[in-house]
Each structure stands twice: as structure tokens, then as C-alpha cells.
2 protein chains.
Amino acid sequence: MKKKSIPSVTINRLSIYHRCLEKILETERGEELKILSSLKIAEITGINSAQIRKDLAYFGEFGKRGLGYPVVDLSGELKKILGLDKKWSVIIAGAGNLGKALVKYKGFQKRGFVIKGIFDNNSSKIGKRLGHIFIYDIKEVEKFIQTENISIGIIVVPADSAQEVADRMVAGGIKAILNFAPIHIVLSPEIKIHNVDLSIEFEGLTYYLSLC
Amino acid sequence: MKKKSIPSVTINRLSIYHRCLEKILETERGEELKILSSLKIAEITGINSAQIRKDLAYFGEFGKRGLGYPVVDLSGELKKILGLDKKWSVIIAGAGNLGKALVKYKGFQKRGFVIKGIFDNNSSKIGKRLGHIFIYDIKEVEKFIQTENISIGIIVVPADSAQEVADRMVAGGIKAILNFAPIHIVLSPEIKIHNVDLSIEFEGLTYYLSLC
DNA sequence: TAGATTGTTAATCGATTAACAATC
DNA sequence: TAGATTGTTAATCGATTAACAATC
């Protein structure tokens, strides 16, 4: 709860720093790399070292001058800042291929995300399971969010129904949405929405290839 | 081949404009919306209208003053700019869940992307198919890229092997990579690489949720 | 202490947006 | 013509990076 608001790119980079440190803790069994300079982190992540120090300075003084940042401590601090010290309940709207891939995605458990249910409007899917997760009728999503205390909704439905699904989620009380549907969803500003748009990524590449 | 280099966020937004226009052409059967003002596009996409005009102005004068932008013409121009008037051959490295979802992803055909092969190092997968696409040994990827003239490689292997796979792709002559592995891949600068990082997106949401 | 690296300020860079003359 | 919207300039905003005093 800082005064000056923190750029969202900074938060994105905190994720990268955190992952970098976690990896070091996993592999190098603690001994050698007790401490890491911003220059060393820069080398691993490809991010400018001044940027790293500035990003971290938004949240406190985690470093030791002349030495660097203690790996264990900083990793723990970042974990707390990013809310990865808590468990988060998640639902997925859309029992398609991408929904399936997300259900099986290993990174979720690792970060304390628990997928509580999948929702779809296709009656041939409702009542079945995807992985080990039950598929419910999308009409039940509002009630489910309330009773199961869901924090995060993932939208992997077609663009046409994405706005409607998002509205349902918000009506149920969801606070954050990750949207994979290629459409601009409008919600009241206190709901956090992030968009992942694969087409944009691909078309950035084809634009570049066309120049050659 | 413009002189002043164009911001990559501008290219991303061109994708959004293009998609917006295509959708209008699909739904409104041509009649009413022959022309669209930047203000109207702004309304649909959520992007500032001055921004839209500026983005388009990098590439030419597509609008009619007093009226707006002709939908069909502008859509065609954007299609050309983004290289979507050509076919692009693609390979996927990693026959996991995400690879599977990508193989089945409808948006590919629509944009002229043709998936020519999938590559993995798991001998129990090699020789089988994912969807209708054959799975090859990752060791053959260099040769395959050369002989099949592949332009785009998609990396959906674990972080540990991503750099190695990328190096192989580049050795084969690939020019653009879309990387889903959560690691910083280093390549010579003429190779275009875009990263899609799901963890970062999620952790942006949990950071926000933790503030509440 | 001398050497190294942080935390932070100031300079730079680049992107967004407002404003308006040009013009359909 | 009068009204509307583009294309473009100028102003604003914000993010990145260099530089360095503070300090371990």
C-alpha cells in the first residue's frame, strides 16, 4: 500500500527477479551464492542493473552496499510482495484446448493457485471433468464464486461471449481476471484485468518477417 | 522499410485495429459501416483516438478528412503491413499440453500460419502425432527448418532446454521465435524473439489482490 | 582502509495525448 | 458552404538509464 503508484512493468519485472532467485536456490544448493549483485541479476535476466535497483527500491532497502542482495531474504520479500505466500482460488471459463492446457499447467500448484472449477455453456461438456477438475454450467458461476470464495477468473471462451462471462464473474464478486479472448473487455476500474493475446504476439513476428 | 523505426507497441495496436475491422466486415455485411472514424475505433478497442491516428500515420494516409477510414481498404492495408497476406510455415518445439493447444488453435489457419511439424526429445512421443501433425526428434529440427523453409518457431519446452532449442532453431535458419518458456533466451539481434510469460501475468494479478 | 555496490537523483529517452490547421 | 475528422505538431507524461554520494 505505497503512496506513489508503482508501474505495472515494475511488478512484471519483480516476477522475473523472483523466479531468477528461486531458480538459484533450487540449483546451487545455497552455498556459493548467498548474495547476488544487481549486476549479476542483470546478466541472468537481461534487465538493466539500474532498473533492478530502482524496481526493488520501491518496496524497501533489501540490499547490502558493497555486497549485493541476500538471495534467500530477497526471494522471500518478493514472494510476499507478489502475494505468492498465500493460496489463491481460481476458476476457468471455457473447457476448450487452452482451458485444458491451463488445468494441466504445472506452474499453478507451484505458485499456490488452486483451480476450483471449470465452466462452460456446452451441455455435452457440463458434468464431465477436464483433468481432475469438474466442469460446471456457466450459469452457476456467480453462485460458485461467492460460495467458494474465488479470487481469480481465467477467460478462455470465444471472443463473442467473453464480455458476458466477465460480467458474470464480476457479479459473483471476482476481483481479478486473466483474459485470453481477443477482445476489449470493459469492467469497472476496481476489477483488475490482464490480457494475453496470442494473435498480437504472432503478428508482431510476421510484421518483422515481412520487412526482411 | 521506413526510416524512423516504429515502436513495437504500435505494431501490437495495428493487430488490434485489423482485428476490429475484420470483425466488422464479418458481422455487418458491408452496407452501413463502409467508413469508420478514429473515434469509433477508439470506442470499440479502448485505445485513444489520437493514438490510433498516429499509429496509422506511420504507414501512410489511409483516412478521408471529415469522414474517417474506409473499412475495407484500411483492413487490407493493415493485412499487408502485418504480413498476413502471405502464408507462414511454423514449427512447434515441445509436444506437451501447451503445444497441443496451439496445434488445435483456430486462429492459426485464419492468419495463414501452417504448422509443419512438432519436435520433442521424448522418444515415446517421437513418431506419433499431435492432432494431425507429426512429432519429430528435436535433433532433426535444424535440417527440417532448412528443407521446409520454416519462418517461425514456437518454443513450449521446459525452461532448462529452451536456450538449446532456440540455438538449434537459429542454426537451422529460423528468423522469428515465440517463446513460452519462462527464461531469458539470448540470440543474435537479427533474430526476432517474443516472449509470452503466463506466470508474470498471474503474478501481476496476485500482487494486486494482495493490496486489497 | 580500499573496493564494491547500493539507493537515489538527475538526465535522457520515448510514448501518449491534446490541440488545431488542413481538407474532405 | 458548414461540419467533421484527419494528419501532425507541440505539450505532457512516464519510464529507462547514467552517474554518484552514501555506506557496507
Side-chain angles (χ1 to χ4, degrees), chain A residues 2-17 20-21 24 32-75 77-78 81 184 200 204 207, chain B residues 2-17 20-21 24 32-75 77-78 81 184 200 204 207:
Chain A
K2 296 269 154 178
K3 236 69 66 56
K4 48 186 164 183
S5 101
I6 290 151
S8 70
V9 280
T10 288
I11 306 302
N12 291 347
R13 285 189 298 259
L14 293 190
S15 287
I16 295 173
Y17 309 148
C20 165
L21 298 174
I24 283 165
E32 279 109 283
L33 279 162
K34 286 205 185 71
I35 207 158
L36 218 54
S37 70
S38 60
L39 218 84
K40 189 77 185 136
I41 301 175
E43 201 180 284
I44 301 171
T45 60
I47 297 169
N48 179 292
S49 69
Q51 181 109 81
I52 294 171
R53 295 197 297 278
K54 189 139 213 271
D55 285 340
L56 295 174
Y58 280 112
F59 295 93
E61 306 198 356
F62 303 125
K64 294 201 199 324
R65 287 173 198 233
L67 296 170
Y69 298 90
V71 176
V72 175
D73 296 2
L74 181 57
S75 178
E77 292 286 353
L78 291 176
I81 291 167
H184 176 233
I200 288 179
Y207 164 77
Chain B
K2 295 270 156 181
K3 238 68 66 57
K4 48 186 165 184
S5 103
I6 290 150
S8 70
V9 280
T10 287
I11 306 302
N12 291 345
R13 283 189 300 258
L14 292 190
S15 287
I16 295 173
Y17 309 148
C20 166
L21 298 173
I24 283 165
E32 279 109 284
L33 279 163
K34 287 206 185 68
I35 206 157
L36 217 55
S37 70
S38 60
L39 219 84
K40 189 76 185 137
I41 302 176
E43 203 178 282
I44 301 170
T45 59
I47 296 168
N48 180 291
S49 69
Q51 179 99 261
I52 295 171
R53 295 197 297 279
K54 190 140 212 269
D55 285 339
L56 296 174
Y58 280 111
F59 295 93
E61 305 198 355
F62 304 125
K64 292 199 201 323
R65 289 172 196 235
L67 296 169
Y69 298 89
V71 177
V72 176
D73 295 2
L74 181 56
S75 178
E77 292 286 353
L78 291 176
I81 292 166
H184 176 234
I200 287 179
Y207 164 76

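Lettering follows sequence order; numbering is per chain, from 1.
- Taking every nucleotide of DNA chain D with any atom under 4.0 Å from a non-hydrogen atom of chain A, the first and last of them, 5' to 3', are D:dA15 to D:dC24.
- Considering every non-hydrogen atom in both A:I35 and A:G68, the closest pair reads CG1-C, 3.7 Å.
- Place A:A50 and A:L67 on DNA chain C by their nearest nucleotides, and A:L67 ends up nearer the 5' end.
- Remark: B:K40 engages B:E43 in a side-chain hydrogen bond (donor to acceptor under 3.5 Å, both in side chains) (not counting sequence neighbours).
- Residues forming a side-chain hydrogen bond (donor to acceptor under 3.5 Å, both in side chains) with A:Y17 (at least two apart in sequence, or on another chain): A:D55.
- For A:S37, the side-chain hydrogen bond (donor to acceptor under 3.5 Å, both in side chains) test picks out no residue, with sequence neighbours left out.
- Of all non-hydrogen atoms in A:I200 and B:S15, the two that sit nearest each other are CG1-CB, 3.9 Å.
- For the salt bridge (Lys or Arg N to Asp or Glu O under 4.0 Å) condition, no pair includes a residue of residues 59-74 of chain A, sequence neighbours left out.
- If you check every strand for non-hydrogen atoms under 4.0 Å, A:S38 touches sugar and phosphate atoms only.
- Nucleotides of DNA chain D nearest to A:S8 and A:R53 differ in position, and the one nearer the 5' end is that of A:S8.
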Quick one: the dot-bracket string of DNA chain C, using Watson-Crick and G-U wobble pairs with both distances under 3.5 Å, [ ] for crossing pairs and | for bases paired to another strand. ..||||||||||||||||||||||
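- Exactly one residue among A:I16, A:I52, A:I47 makes a side-chain contact (heavy atoms from CB on, under 4.5 Å) with A:I41. That residue is A:I52.
- Along DNA chain D, the nucleotide nearest to B:L39 and the one nearest to B:K54 differ in position, and the one closer to the 5' end is contacted by B:L39.
- Between A:S49 and A:S38, the closest heavy-atom pair is CB-O, 3.7 Å.
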